[in-house]
Structure formats: structure tokens, C-alpha cells
Amino acid sequence: MLELIIDGITFGLLLSLLGVGITLIFGLGEILNLAHGEFAVICAMLALIFMERGVNTLLSIILGLLITGLIGLALERSLISLVYRARGETRILLGIFITFGLSLAIHSYLVNTIPKAFFSVKLPFEAIRIGGLIIRPSTLLSAVISVLALVLLEVFLKKTYTGKAIRAIAQDEMDAQLCGVNPAPLRTLVFILGAVMAGLAGILYGLIATVAVIIGVDFTLLALIVAIVGGVRSIYGNILSGVILGIVHTIASFFLGAYLSLVILLSVTIIIILTRPEGILGEKG
Amino acid sequence: METILRGESITKKFGGFTALKNVEFNIKRGEILGLIGPNGAGKTTLFNIISGAFPPTAGRIFFEGRDVTGLKPHQICKLGIARTFQIVRPFNNMSTLDNVLSGALFGKDAVSDLKDAYERSLSIINFVGLEKKKNKLAKELTLHERKMLELARALATNPKILLIDELIAGLTPLEVQETMRLIGKIRDELGVTIFWIEHVMRAVMGLADRIIVLAYGEKIAEGKPFEIANDKRVIDVYLGGGLIE
Amino acid sequence: MKKASIVQKVIILAVYALLPIIFSHSYQLRLLNLLIFFTMFTLSSNIIFGHTRQLFLCQGALVGIGSYISAILPERLGVAPWIILPVGALTSAGIGSLISAVSSIRRLSIIFMAVLTSSFQVIFGELILGLRHITGADEGIVIRSDILRGLIGANRELVYYYLLIATLFATVIIYDKIVNSRVGVAFRCIVEDEIAASFIGINVVKYKVLSAFISSFLFGFMGGLYAYYNLYICPSMFQNIDVHILVMLVFGGMGTLTGPLLGAGAFTLISELLRPLGPITTLIFGILLIILFLFFREGLVVHLKRITGQFFKKHKLCF
Amino acid sequence: MNEILSIKDVYAAYGDLTVLERINLEVKEGEIVLVLGSNGAGKTTLLRTISGILQPKKGQIYFLGRRIDGLPPYEIVNLGISYVPAEGGIFPKMSVMENLDMGTYVTKARKKKGERLHFVFQLFPILRERKDQLAGTLSGGERRMLSIARALMSLPKLLILDEPSFGLAPKVVSELFKAIEQINNEGTTILLVEQNARQALTVADRAYVLENGNVVLEGNSNEIANNPLVKKAYLGM
């Protein structure tokens, strides 16, 4: 049971990495990125391609993350920046449809070109025993890297001028401009950051399980749930909800099977949306 | 005269901020009651509470003796309380006629027959003087015309009482004159009671039977226009704490 | 309804009725039938999204509910399909209304509507897969009860074709009546400004739920009809419906009657042309969705109108 | 004295609704200039146009001899104009200190942060007490002080204030006007919009009266205060 909880926490931290990206991108540009989970798959597949060409694993992963960031940059500058031209509700709708289309296109492309690709990383270490507890080093490593990434993000947002400016835009874009902040480059930066963190989540998932090309949609969905439950504008909320949902998901999957666990997660999400949307979002109706 | 609308110690808090504090008011049928006060005094909040946009934190509203506190906007409208908005919100992509028509189709004594609704709408459009613009889209009208359109749409719901939120601000002197005449006509010819927020003191002074003054969410004075004009407290608060001379 | 509009509808009906003379091959007839299914789906989407701006990303589930109920219940209960068809439709309608009611009472923003409705869609999909002994999961269900059992001897595709155009035209006439009535006015006001609408006496929740009811009813009804027509259903059929409907809706233009008709036509044509490409079509639809939303948001009808000038003007809904 | 801001024949509109019609206005270095006008006269629109939130339809705006109309708000802040809107002007989910940090976002202000902090804390001592509190938990008056302090952190040459007394109790208003004079004495030029004509005229050097998007009157504060039209419309006499 304790092992299940540890697995759940590790998985939950990955979800937080994904959810935080959704939160930041939505906070800055009001775009709900329905293609977010695909970045995780793209990154894992890129790393896989390099690894198959004989590139060293660590370097493959770094290259994968870099290219994922570049893809994020390209998409933001081309497609997403077109969405920013619209205002208010139209922008939100447009964002939903465009990223929905994007996710379909990426998903379909990957499924058609490399249907049999699977990414996973095996560590050359033995499982660690602490008392009666068996911990896989890959689980441990995945959790440590996730926490590290989230802490770094938090430090960046809290301590640097750029990070503060990002938080300022999320609260009131016009007001941030009145402090001298130019929002456009920061929106691009955040989109890239989101893509890379999603990519990292994909790589780390490869440590604890296997990344298949079809998994992007599930990642997106889980990330959305994390973001909604944790609050579309709150990073701490995201981490907390990620961990809780990760534990619930892992335990429910173990005892009830994968499909019912997803049904339970989604039902919980629906209930949360219906009971306290403004509390989570900080948005008034 | 009989009371048509009454507010009993209305209090409204937003978070820690008290927008209205124990405000009492009483409107007689057929009256024009002015509501004035500095920015942020809570005037529009009071209108929002009366018209059902949100419930008061405490206090009750009675319309024709019936407790209407907490009813939804469409229910309030169907009872015969209509309103206009400080920042106009006509249906921009609909014609003037369709805007007014929608009021006639859904307000109090709603007409379900399109033809009857058309007739009622046309006569109201004439009443406010928009007959030449009836087929224009609302977004193509000038600010003054849009304000008149909103007034017409509110009148089309056939109200017993009309809450007017700043009709005159931003108009030219000539338009101000016309609008004042129109407000008088709404009361005298249509028999609609009027509760009226306005910043332009001259207009309110000239037209209202009585005036209520709000400041920082509290009622600080109530009376006939000349009494208000000479009330030391009103002059002080409405025009600022200090004095030049 | 204006005279021109009636004449126009009679002409379109006549054209539809005569189409089988030219397209008599059963493959062609099947395409025509699919076209009408798509048209109906788009029409009902139009009612909910085009006319009241409620984002329902769960159309596939609403269709699927109608389909599965119509497929499963007749045999299990030993009841005629005729009786079950409206049961399925009403179930979809009930669920759609419920979603609409809670989200409009809670005044959910688009974001929450999107997540709420797509969660529902996923739950539906998962339940179909999970309830294997009832739904057959991935393998689907073969349906033995045909709604037109007595007529099966005749040309089945053709009989269905006339049944479908009868349904389509009945729907179009009702749709037209609604849009040009007091209800239609309420819809327009709600799209323009919900708050202003409520202050002139429009019960916004009521009209939103009404539109969700009508639209989900149609989804469920057509879903059931599709099950009987196709005699086989499986989960993947309901997976991409939302995307397809969105593409059709934007293709044609929202809030119009001609929009869905044209959109579904164009869509059926495109997907037929793309068929040889196999599964990659989803990629193309994804890209198409992006392009349409970025550059042709007003819809094909509006662009056509600009080109053809006044031709479509007389079709503009009166009022 | 040199002109710091000059507005030449500026027209502004929201959509097709013209709000400013051929406005001419100037501010000299070291002055406090007041803009008076009834609701809807276009005062806030004028300030939004200067600060770059709204692009003028026609006309030019010069700041220290440089043309600034058409620039986005963040560039205008960098040049030395800070705008304090009537409502907002703070980040409610950041602490008071973080809000002040955001004030020093413009590069040239970062170096002088310590000095500036000293000045604003001396100006509004309550902010020092509240420095770790979330800005959203401040009272109305404290928020207004924070928004002005934040604007001052960016070392503005010109401070633009939109109705600083809006919605505040009279006692707080008096303190605020004292602070405005102090800011001006320290060398910052101020452009001020106020409904509270009496108090504003006591601190202002010159004033403009705006009606329906036009300047209908201008002069030094004494002239304006004694103008019969102003007395009747704005001073209630």
C-alpha cells in the first residue's frame, strides 16, 4: 500500500508538471491548451529517435527537451499568436478550437507515422530496500527531478523580475504594462516553458512506465483535471491537486482497474466544477 | 400618495467592503425620485439590488407591498420594474426595432403575438424619437441614440417603475434638454414612476420631486430639491471635505 | 415564414426527393444517407452552439446514448424499436438539459463548459468500454431489430433515404418556426448580451435549457436511427463526431439554416475524397479545423454571400 | 520652465464613438496641472490616451520633445510617464513589497530601488507596516496609496493621477492631497484628474476644464476657481 502511495505521488508530480504548464499558459493568454499532453509525447519520441540512432541516453533526452522547446516557440509564434488577436470570449473559444485541432493533427500524425514507438528508460540500478519497503530508483529519480523542476519554477516566478512580471500579467495585463512589462515575449516564454515542462513529464513518465504515441490525449485530460481542480491560476493548488489525483488514480487503478479510475477522477472533476468554480479559478461569475 | 417601492435597511457587502449601509428609501406612485452622490457612493449597487442582479447582504425590498428581495432579474422585470444601464448595453447586432421588440415580447404583460409586439414597439420608438433609426443596427447609433434605445427597450417591457442610471452624462446641452423633457413625458403620459441616478445636478434639481443623497454607502440626506441644494452636509460631502475659502 | 422561403424549401425538398434518380447506386445512396445524418447533427449543434452559445463538447456522447439505448433495449425488453427510439432521444435530451441547466445556473465560463462536457464525453466512452457484457466494448453491437422490418424487402437504402429526408424536413420546418418565433428572439438576445436579456424579462436559464433539450433530443433521435440504419455500432463511431460537427458548422456558418446544409454537404464530399488516405484523414481534419477557425470563422455561407451578392439575401431569416 | 508634456489636436474614440475632439493641453516641468470635467467629459480617456492604453485617432503627443503617441504603454512607462488609474493599479495577489518591486521593473529604476523605497515609505508610512501583506487585503485608502507608491517607484518625470480621491473618505482624501504636494515638491510633475474640484484646485498650479471632449476653459487655479461657470458647475455655488 505504501508503495502504491509512493507511485501515486510520483505520478502525481508528473501531472503537476503538466498542469502547471496549462495554468501558466491560460493565466497569461487565456488559451486553454488542449494540445498540451502532446508535447510530452513529442519529447519522448524525439528522445527515442536519438537513442535509436545511438546517441547517449542523457544527451538524447536533453536534445528532445530542446527541440520540444523549439517546437513550442514555433507554434506560439505562428498559430497561437493569431489567437491572441481575438479578445474576450472569442479568444477563449478560438484557443479551445485551435489547440483542439492541433492536438488532433499531432496525435493523428504520430499514430500514423510511428504507431509502434514506445519510449522508456531503464536505470542500471537495483531496487532499494528500506525496511520492508521496496523503492525503484527510477521512481525515486522521477520524483526528485519533478520536485526540483517545480521548485526551480517557483523560485523563478517568485524571485526574478521576469517571474514577477509573468505573475503580474496573469493578474492584470494592462496594469502590468503600466509597470513597463511587454507581455508578448513573456507569453512566448511561458508557452515554451510549458512545452518543455510537459516534455520533461513525458521523459519522466518513461522512467516509471512506457510512453506510447496514443497517450497524449490522456496526458492532456489529466493535466486539465489537475489544473481545474487545483485552480487555473494557482501553482501551489496545481501541485497539491496533482499529487492527490496521482495517488487516487494509482490506487483506484490498482483496485478497480484503469477505466473506472478515470471515470471516478472525471466525476470528481465535474462535481468540483459544479460546486465551486469561482473558488478554484478565482474568477467571478 | 401610495408607496410603490420601498427599501428597508438595505446593506450590501463585497468581501470586506461595505457598498451600502442601512439604506432606506420610499418611492410614491407617480413620483420622480432623484438619487445623487459622489462616485462610488453605492448608487448603481442599489439599482442592482432592486433589479435583482444580486441580493442584498441584509434588508428587504418591497414592490407594491410584496417582498421581492432576492428575485431574479427576469422575475423582477415581469413584475413591472425596468432599468437602464450606466454604460449602455443594447443588443448591438440587432436593429433598433428588434431591440425594442425584445422588450415588448418578454417584459411585463409580454405580448406573445409578434404583430402586436411590433405595434407596441413602433409606438415606443416614436415616443423616444428614434423612428428614423428603427431599421439601423444598434451599434450604428450615436451614444445619445443608444441611450434612447435602451430607454425604449426598458419602456417596452411596460414597467410600473423605471430605474434610470445616468442618462444625461456625456450629452450636449441640447440633448440634455430633450432628454429631460422625455423623462417628464414618461411620468406624465405613460404614468411610469421614476427612480433616477444622475450626476448632472441641474437636471435632477429641475425635474425630481424629491432627492436622496448617498455618500460612502450611506444615505446622508433626503428631501425636496431646494432643501438638498442648501444642505450643508450634502455640499460638504458631495463636493469634497475641504473648502477653498 | 415568408413566401420566398417556402418556395425555396419546396424546391430543395424536390431536389432531395429526386436525387436518387441520378444517384441510384446503393453506394451513392449510402453517401446521401450519411449526408443527411451529418446535416441533422450539424443542425442540432447549431441550435445549441450557434443560437445560444453553449459549448457542448459531448455531442458524440449524446448521439451515442441514443444509439446504444436503441440498439440494446428492444432485444433485452422485447419491445418494438419504434417505442425505444424516442426513449433514447428523451434520455439524451434529459442529460443534455441537465448539463445545460447546471452550467447556466452556475454561470460556468467557456473553460468550465469545455472541461465539464468533454469529461462527460470521456466518461461515456469509458463506460461503454467498461460495460463490456452489455455494450460489447470495442467489438460493438450487431443490431437485429430493424425499425423498417416490414419494408426490408424493398431497396433498404432508398427506403431509409426517404425516411431520413422526411425527418430532415420536419426538423427544418420546426427549426424555422422556432427561430422566427418569440423563442428565436430570446436566443438572439442571449447571444448578444445575457445580462441585458435577463433585465428585460428573458429567463436566460429556461431558454438555454430549452435549446439544449431540442438539440440533445435530435442527437439522441438521430443516434438511434443511425443504429437501426447501420445495424452495427461501436465506440469509435462516436469518437470524432464533435470534430466533424465543428468543421461542418464553421464550414457552413453558425446561426443560419443554410450553414449546416452546406457544411454537411462539403464535409461529406471532402471525407469521401479523403477516404483513400485512410486514418491520416484525422490529421487533415485537425488542420482543417485550425484553418477554418482562424480564417473562415464567419462560415462559408457568409463568404458565398459576398460572392453571390444578393442571391442569399432573400433567405435571410425574417425579423 | 520647459514643457514636459504637450498634446496637440488630439482626437480619440472608442470604436466609432468619438470621446476627445481636438484636445490641446500642455504641462510644464514641476507643475501640478488639474483637469476638471463632469462624468463622461473625456477626462479618463485623455489620461488613457497619454499613457498609451488608447491610441489617438489624430493628433500628436510629445513628451520631453519626443513624440509618444502610438507607443504601447510599457514603452511610455520606460520614458518616464507613470499612470495611476482610478481603480486597480495594484496586483491584489502580490504582497505590498512585490507590488513595489513591480514598480521598479523599468531598468533605470532598479538601481535606485533602495532610495525610492525610503521615499515612498516616508510618504506613506502605513505601507511599511503592511509590506508583507497581500495587496488585496488592504483598505481602499491603502490601496490607493500603494498604487501611487508603485507608480513612483519607476522614477517618473510625470505622474498621472486619475481621481485619486475616488471613493475615499474625506479624511483620507486630505492626507492624499498632502502627499501629492509632497511628491511635487520632490520634483515630480503631476497631471491630475479630479471630481473633487475644491481640494484639487488648492494644490494645482493650473487647470483645464473639459466638456464633451473639448477644452472649454484653461487658466491658473485662481482664475479657474473664480470663474462663474466653474463655481456653478463644479463648486456648487
Side-chain angles (χ1 to χ4, degrees), chain A residues 20 23-24 26-30 81 84-88 90 153-190 230-239 278-284, chain D residues 15 44 47-48 50-54 71-111 113 134-136 143 146-156 159-162:
Chain A
V20 162
T23 300
L24 281 174
F26 182 76
L28 253 60
E30 295 198 305
S81 60
Y84 292 140
R85 283 189 204 159
R87 300 245 161 265
T90 318
L153 177 73
E154 176 66 10
V155 171
F156 168 68
L157 288 174
K158 279 275 158 75
K159 298 292 172 207
T160 65
Y161 265 108
T162 314
K164 280 177 198 162
I166 287 171
R167 285 162 58 216
I169 298 173
Q171 289 181 53
D172 187 333
E173 185 178 323
M174 187 45 74
D175 226 21
Q177 289 205 42
L178 288 175
C179 290
V181 180
N182 179 3
L186 291 181
R187 275 202 288 256
T188 310
L189 177 69
V190 161
V232 180
R233 291 179 207 280
S234 153
I235 293 191
Y236 284 123
N238 264 270
I239 295 171
E278 65 290 295
I280 301 161
L281 232 189
E283 217 181 35
K284 281 167 200 118
Chain D
T44 297
L47 302 191
R48 289 168 70 90
I50 299 170
S51 56
I53 299 171
L54 196 70
L71 293 183
Y74 52 88
E75 283 185 31
I76 290 181
V77 181
N78 269 302
L79 292 175
I81 299 182
S82 269
Y83 170 53
V84 183
E87 282 175 288
I90 57 162
F91 301 110
K93 287 181 195 159
M94 287 181 170
S95 71
V96 168
M97 203 54 208
E98 282 180 317
N99 266 278
L100 295 175
D101 282 347
M102 278 309 293
T104 59
Y105 189 81
V106 300
T107 334
K108 63 172 195 296
R110 292 187 194 182
K111 281 171 253 154
K113 188 170 144 188
L134 282 188
R143 283 170 188 235
L146 177 58
S147 65
I148 295 173
R150 196 189 73 184
L152 286 173
M153 291 301 287
S154 71
L155 291 170
L159 182 68
I160 300 181
L161 299 172
D162 193 355

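Chain naming here is simple, since letters A, B, ... match the order of the sequence lines and numbering starts at 1 in each.
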For residues [X] and [Y], determine if any side-chain heavy atom of one lies less than 4.5 Å from a side-chain heavy atom of the other.
X	Y	answer
D:Asn99	A:Lys164	no
A:Tyr161	D:Arg110	yes
A:Leu178	D:Ile53	yes

Could you tell me which portion of [X] (side chain, backbone, both or neither) has an atom closer than 4.5 angstrom to a non-hydrogen atom of chain A?
X	value
D:Thr104	both
D:Ile90	backbone
D:Asp101	both

Over all atoms of both residues, closest heavy-atom pair of [X] and [Y]:
X	Y	result
A:Met174	D:Pro73	SD-CG, 4.2 Å
D:Pro85	A:Asp175	CG-OD1, 4.3 Å
A:Gly180	D:Tyr74	C-CB, 3.4 Å
D:Tyr105	A:Cys179	CB-O, 3.5 Å

task = State which residues pass side-chain contact (heavy atoms from CB on, under 4.5 Å) with D:Ser95; sequence neighbours excluded, sorted by chain then number.
result = D:Met97, D:Glu98
Sequence-distant partners of A:Leu157, side-chain contact (heavy atoms from CB on, under 4.5 Å), two or more places apart = A:Leu24, A:Leu153, A:Ile166, A:Arg167, A:Ile235
inquiry  = Looking at D:Lys108, I'd like to know if its NZ atom is crowded, meaning that more than 12 non-hydrogen atoms belonging to other residues, nucleotides or ligands lie closer than 6.0 Å.
reply    =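 More than 12 heavy atoms, drawn from other residues, nucleotides or ligands, come within 6.0 Å of this atom.
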query = When only pairs under 4.5 Å are counted, which of D:Pro92, D:Ser82, D:Ala151 shares the most heavy-atom pairs with chain A?
reply =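 With the most close heavy-atom pairs to chain A, the winner is D:Pro92.
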